[in-house]
Structure formats: structure tokens, C-alpha cells
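A short write-up of the structure that comes next.
Every value quoted in this text rests on a predicted model; they were computed, and no experiment measured them.
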Amino acid sequence: MSEHTTRDERFAHGLEVLRSVDGEAGQRVVDSLADISPELGHQIVSWGFGEIYAREELAPRDRQLVTLGMLTALGGCEPQLEVHVNAALNVGLTPEQITEAMLHAAGYCGFPKSLNATFVAKKVFAERGLLPLGEGRSGSASVPAAS
């Protein structure tokens, strides 16, 4: 976008990017801000999506991996994490890749944050009919029965 682009043009461009990445979930976030902070909604769309997400240096799936890692590490961002787990699926990440990213994050931000993020992903996967994952995979968490 050029420096001569109008505020409305930046918002329209950002809205296109938001819809392509987040779908309806992103629009619901913006709509939920209308009666409390419409400017925050505007900035999320115009700057966050129109300027940052629209950049070509990272593919949308890579941006979502970074976002999932950051939200997992921050903790306390479960509503935003839910939106971005959906977005990650929308841009081509698999449930297994998403859970692997959250497992990887445990080494850097701790098991509690990794667990919280994984449970958000589980909720999203259940809503989208994607569970169970990893049937028949080695390294499962099941404990053998005592003999």
C-alpha cells in the first residue's frame, strides 16, 4: 500500500486479507469491538492484516506458525489462539503440524502454556470434526498395564 492510500482503502484491503486468513472468526472479532473500541478493530484490519499479514516475505502458513508459537508462549491468549488455530487450518497447516508446533513450544515456554494451547487446538479440531489425531502413531501417551 502506498502512503497516499486512503484510510478506507487500507481498511478494505486489510478486510480482504483478514477474510482470506481468518474467515468468519476474524470478522467476529472485529464486529465484537464495534461498541467498545471500533478504532482497535480498524487498526487490526488496516495495519495488522492490510500491512503485516499482506507482506510477501512469509507465506500465510508460516505466519500462522509464528503466530501460534507467540500466542502459546504469551499464555492468557486463548480466545486469540482459537481464532488463529482456525486460521492455521484455513491456510493449509494440518492438525498434526499445529500440535507439533505446540509440543515444540513446551521446551521454550513450559508445559502449562503448551498444554493450554493444545487444549484450545483440541476444541477447534473437535468443532471441525478433526479428532482423534494420531491413531496408531508411536510415542503415544498411553501407559502399559501392569502385569
Side-chain angles (χ1 to χ4, degrees), residues 1 7 10-147:
M1 306 241 74
R7 179 178 167 89
R10 286 191 300 275
F11 184 83
H13 174 67
L15 199 55
E16 286 178 35
V17 177
L18 172 80
R19 288 179 177 153
S20 72
V21 173
D22 284 348
E24 292 177 17
Q27 184 66 55
R28 282 193 299 273
V29 170
V30 174
D31 292 346
S32 72
L33 293 168
D35 62 349
I36 183 72
S37 185
E39 186 60 24
L40 179 57
H42 180 88
Q43 293 301 322
I44 289 169
V45 172
S46 296
W47 184 77
F49 284 86
E51 296 292 331
I52 301 301
Y53 268 82
R55 294 175 57 84
E56 296 178 5
E57 287 75 10
L58 286 175
R61 68 175 307 283
D62 298 333
R63 285 193 189 280
Q64 285 306 315
L65 273 174
V66 171
T67 303
L68 292 175
M70 294 300 294
L71 292 173
T72 297
L74 284 169
C77 302
E78 286 75 17
Q80 293 78 21
L81 192 54
E82 184 175 341
V83 169
H84 286 282
V85 169
N86 272 298
L89 292 166
N90 292 346
V91 298
L93 287 167
T94 67
E96 292 80 8
Q97 290 168 326
I98 292 167
T99 56
E100 184 66 24
M102 292 170 179
L103 172 63
H104 184 74
Y108 295 90
C109 63
F111 283 108
K113 289 179 179 178
S114 181
L115 281 166
N116 290 344
T118 300
F119 287 131
V120 170
K122 181 178 181 177
K123 177 180 184 269
V124 171
F125 299 160
E127 290 170 353
R128 292 177 75 152
L130 300 173
L131 290 178
L133 299 186
E135 291 182 320
R137 278 184 61 187
S138 63
S140 74
S142 61
V143 178
S147 46

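- Under the salt bridge (Lys or Arg N to Asp or Glu O under 4.0 Å) criterion, the residue pairs touching residues 30-49 are R7-E39, with sequence neighbours excluded.
- A distance of 11.5 Å separates NZ of K122 from CG of L115, quoted to the nearest 0.5 Å.
- Using a distance-only test at 3.5 Å, with no hydrogens or angles considered, no donor-acceptor pair links the side chain of S46 to the main chain of Q43.
- With R63 contributing its side chain and R55 its backbone, the two residues share a donor-acceptor pair below 3.5 Å.
- Note that CD of E100 is 10.5 Å distant from CG of L65, once rounded to the nearest 0.5 Å.
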Worked verdict on L33 versus I44 for side-chain contact (heavy atoms from CB on, under 4.5 Å): CA-CA 10 Å; L33 293 168; I44 289 169; 3.9 Å; yes

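- With values rounded to the nearest 0.5 angstrom, I98 atom CD1 is found 10.0 Å from R61 atom CZ.
- In this structure a side-chain-to-backbone donor-acceptor pair under 3.5 Å is missing from S114 to F111.
- For residues 62-106, every residue pair satisfying the ring-ring contact (aromatic ring centres under 6.0 Å, His included) rule, not counting sequence neighbours, is listed here: H104-Y108.
- The shortest non-hydrogen separation linking C77 to L71 is CB-CD2, 3.8 Å.
- Taking a 6.0 Å sphere around CD of E57, one finds it holds more than 12 heavy atoms contributed by other residues, nucleotides or ligands.
- Within the 4.5 Å cutoff, the side chain of T67 has no heavy atoms near those of the Q80 side chain.
- In this structure, the side chains of L130 and L89 come closer than 4.5 Å at one or more pairs of heavy atoms.
- The CD atom of E96 lies 6.0 Å from the OG1 atom of T99; values are rounded to the nearest 0.5 Å.
- By the 4.5 Å heavy-atom criterion applied to side chains, L131 and L133 are counted as neighbours.
- Closest heavy-atom contact between V83 and G26: CG1-N, 4.5 Å.
- When side chains are defined from C-beta on, L68 counts as touching V85, because their heavy atoms get closer than 4.5 Å.
- L15 has its side chain out of reach of F49: every pair of non-hydrogen atoms, C-beta onward, lies at least 4.5 Å apart.
- The two residues N90 and G23 make their nearest non-hydrogen contact at ND2-N, 4.2 Å.
- Shortest non-hydrogen contact noted between A54 and G50 is CB-O, 3.3 Å.
- Within the 4.5 Å cutoff, side-chain heavy atoms of M102 are placed close to those of L81.
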